[in-house]
Amino acid sequence: MNVINYQKELDKTIVSLQKEGRVPKLLLHSCCAPCSSYVLEYLSEYFEITVFYYNPNIYPESEYTKRILEHPVSFLAGNYEKDRFYRMAEGLEDVKEGGARCFKCYALRLRETAQMAKKAGYDYFTTTLSISPMKNAAKLNEIGLAAQKEFGVKYLQSDFKKKNGYKRSIELSKEYGLYRQDYCGCEFSQRSSTQ
């Protein structure tokens with residue numbers, strides 16, 4: 001099986017952009033400010049970034065609001081479509097965290113990001129989700145590349161937990177007093193975090 005190093009893929013893209021002297025527009029899907037912190041610090045030198053907060057999975061709505069208010073950058077908020085998330089998760093409510101329900105949730109959010117990137121004329125889209133040690137970077141990149149084909153906008157391959165990205169996000173969260181949640185976001189992950 002051929003294992004892809006997504007950090008090396010990202011490095012290649014950055015080197016190529018630097019050689020071209022381009023600073024492309026990037027729509028960055030964000031789940032929360034802590035995960036965005038390191039990614040913004042890292043990529044802002046190479047891209048003109050707009051954060052896209054689309055997370056219909058966040059439960060309860062007060063948690064959604066806490067996370068949305070933490071973004072002090074160029075920012076777009078998607079609709080809070082919790083019913084869309086619950087329809088997507090139907091039949092998968094008891095699936096263990098990190099399984100099929102999560103993969104479908106990744107696809108829901110990445111497809112929405114790709115669609116918004118195409119509509120608004122961005123050069124690239126990606127997500128902060130790969131910064132989490134709990135998230136499957138290979139699956140995220142697979143889904144992102146499929147959305148690239150579907151919508152015709154380049155997906156920026158990444159694994160932001162590499163190069164101590166996760167560690168740096170914790171440091172930045174402390175430095176800026178960012179709210180750090182103790183579960184992924186959905187009702188099902190909240191339940192499993194309290195068990």
Side-chain angles (χ1 to χ4, degrees), residues 6-58 64-80 106-132 135 137 140-141 143-148 150-181 185:
Y6 296 104
Q7 180 60 50
K8 285 186 179 177
E9 294 301 314
L10 176 57
D11 291 342
K12 283 188 223 173
T13 300
I14 289 170
V15 167
S16 175
L17 292 172
Q18 288 179 309
K19 284 180 183 174
E20 294 172 22
R22 289 190 325 126
V23 180
K25 290 171 48 178
L26 171 68
L27 188 61
L28 176 65
H29 169 263
S30 172
C31 55
C32 61
C35 289
S36 300
S37 62
Y38 166 74
V39 178
L40 287 167
E41 178 183 73
Y42 177 38
L43 294 181
S44 62
E45 181 179 341
Y46 312 108
F47 294 90
E48 180 185 324
I49 302 171
T50 299
V51 171
F52 181 52
Y53 184 77
Y54 178 72
N55 299 290
N57 59 306
I58 306 292
Y64 176 87
T65 304
K66 272 186 205 172
R67 293 184 190 196
I68 199 170
L69 294 176
E70 288 278 330
H71 287 83
V73 295
S74 180
F75 183 81
L76 288 172
N79 295 324
Y80 182 48
Y106 299 168
L108 173 70
R109 294 186 281 168
L110 280 170
R111 288 186 75 251
E112 188 72 18
T113 304
Q115 187 172 20
M116 177 61 76
K118 180 169 181 87
K119 181 179 170 185
Y122 286 84
D123 302 299
Y124 288 87
F125 74 99
T126 197
T127 181
T128 63
L129 290 171
S130 71
I131 200 166
S132 170
K135 301 291 183 280
L140 284 161
N141 282 283
I143 292 166
L145 290 169
Q148 170 182 289
E150 182 179 355
F151 293 98
V153 179
K154 290 180 186 173
Y155 175 73
L156 186 65
Q157 296 180 70
S158 59
D159 186 352
F160 292 118
K161 65 182 130 302
K162 302 286 184 175
K163 293 188 173 182
N164 289 316
Y166 180 70
K167 180 179 179 230
R168 180 67 179 143
S169 75
I170 292 171
E171 293 167 358
L172 288 166
S173 295
K174 286 179 185 171
E175 184 178 333
Y176 292 103
L178 301 177
Y179 163 71
R180 288 190 71 85
Q181 62 282 356

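One is the number of the first residue; the rest follow in order along the sequence. Here the structure is a predicted model, which means the values were calculated and not measured.
- A donor-acceptor pair shorter than 3.5 Å can be found between the side chains of Glu20 and Ser16.
- At least one side-chain heavy atom of Gln148 sits under 4.5 Å from a side-chain heavy atom of Leu145.
- Scanning all heavy atoms of the two residues, the minimum distance from Ala114 to Val153 falls at O-CG2, 4.1 Å.
- Of all the heavy atoms in Leu17 and Tyr124, the pair that sits closest is CD2-OH, 4.0 Å.
- Taking the side chain as every heavy atom from C-beta outward, Cys35 and Leu129 never approach each other to under 4.5 Å.
- Nearest approach of Gly185 to Arg67, heavy atoms of both residues: CA-NH2, 3.6 Å.
- No side-chain donor-acceptor contact under 3.5 Å links Lys162 to the backbone of Gln7.
- In terms of heavy atoms, Tyr80 sits closest to Ile58 at OH-O, 2.7 Å.
- Using a 4.0 Å cut-off between a side-chain N of Lys or Arg and a carboxylate O of Asp or Glu, Asp11 and Lys163 qualify as a salt bridge.
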Glu9/Lys12 under salt bridge (Lys or Arg N to Asp or Glu O under 4.0 Å): CA gap, chis, key distance, verdict:
CA-CA 5 Å; Glu9 294 301 314; Lys12 283 188 223 173; 3.2 Å; yes
Apply the test side-chain contact (heavy atoms from CB on, under 4.5 Å) to residues His29 and Phe125: give CA-CA distance (whole Å), side-chain angles for both, the deciding distance (0.1 Å), then the verdict.
CA-CA 7 Å; His29 169 263; Phe125 74 99; over 6 Å; no
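- Scanning both residues, Leu28 and Leu40, for their nearest heavy atoms gives CD2-CD2, 4.0 Å.
- Checked by atom type and distance alone, the side chain of Ser37 pairs as donor or acceptor with a backbone atom of Pro34 at under 3.5 Å.
- How far CD of Glu41 is from CD of Glu45: 10.5 Å, rounded to the nearest 0.5 Å.
- Using cut-offs of 30° and 60° for the angle between ring planes, the Tyr64 and Tyr53 rings count as tilted.
- Between Leu140 and Tyr155, the shortest heavy-atom contact is O-OH, 3.7 Å.
- Ionic pairing of Glu171 and Lys174 is not present here: no N-O contact between side-chain nitrogen and carboxylate oxygen is shorter than 4.0 angstrom.
- The closest donor-acceptor contact from the side chain of Lys135 to the backbone of Ser130 lies at 3.5 Å or more, if one exists at all.
- In this structure, OH in Tyr179 is found 4.0 Å from NZ in Lys66, a value given to the nearest 0.5 Å.
- The shortest distance between side-chain heavy atoms of Leu156 and Phe47 falls below 4.5 Å.
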Report the C-alpha distance between Tyr42 and Ile14 in whole Å, list the side-chain angles of each, state the deciding distance to 0.1 Å, and finish with yes or no for side-chain contact (heavy atoms from CB on, under 4.5 Å).
CA-CA 11 Å; Tyr42 177 38; Ile14 289 170; 4.0 Å; yes
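- Note that CD of Gln115 is 4.5 Å distant from CZ of Phe151, once rounded to the nearest 0.5 Å.
- For the atom pair OG (Ser36) and CG (Leu172), the distance works out to 11.0 Å, reported to the nearest 0.5 Å.
- Proximity of Glu48 to Asp123: side-chain heavy atoms (C-beta onward) are nowhere separated by under 4.5 Å.
- Within 6.0 Å of NZ in Lys154 there are 12 or fewer heavy atoms belonging to other residues, nucleotides or ligands.
- Side-chain contact between Ser158 and Tyr6 is absent, with no heavy atoms from C-beta onward closer than 4.5 Å.
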Trace of the side-chain contact (heavy atoms from CB on, under 4.5 Å) decision for Leu27 with Met116
CA-CA 8 Å; Leu27 188 61; Met116 177 61 76; 3.6 Å; yes
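- Leu43 places a side-chain heavy atom less than 4.5 Å from the side chain of Phe160.
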For the pair Gln157 and Leu10, evaluate side-chain contact (heavy atoms from CB on, under 4.5 Å) and give the outcome as yes or no after the intermediate values.
CA-CA 6 Å; Gln157 296 180 70; Leu10 176 57; 5.9 Å; no
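- Under the 30°/60° scheme for interplanar angles, the aromatic rings of Tyr54 and Phe52 are found to lie parallel.
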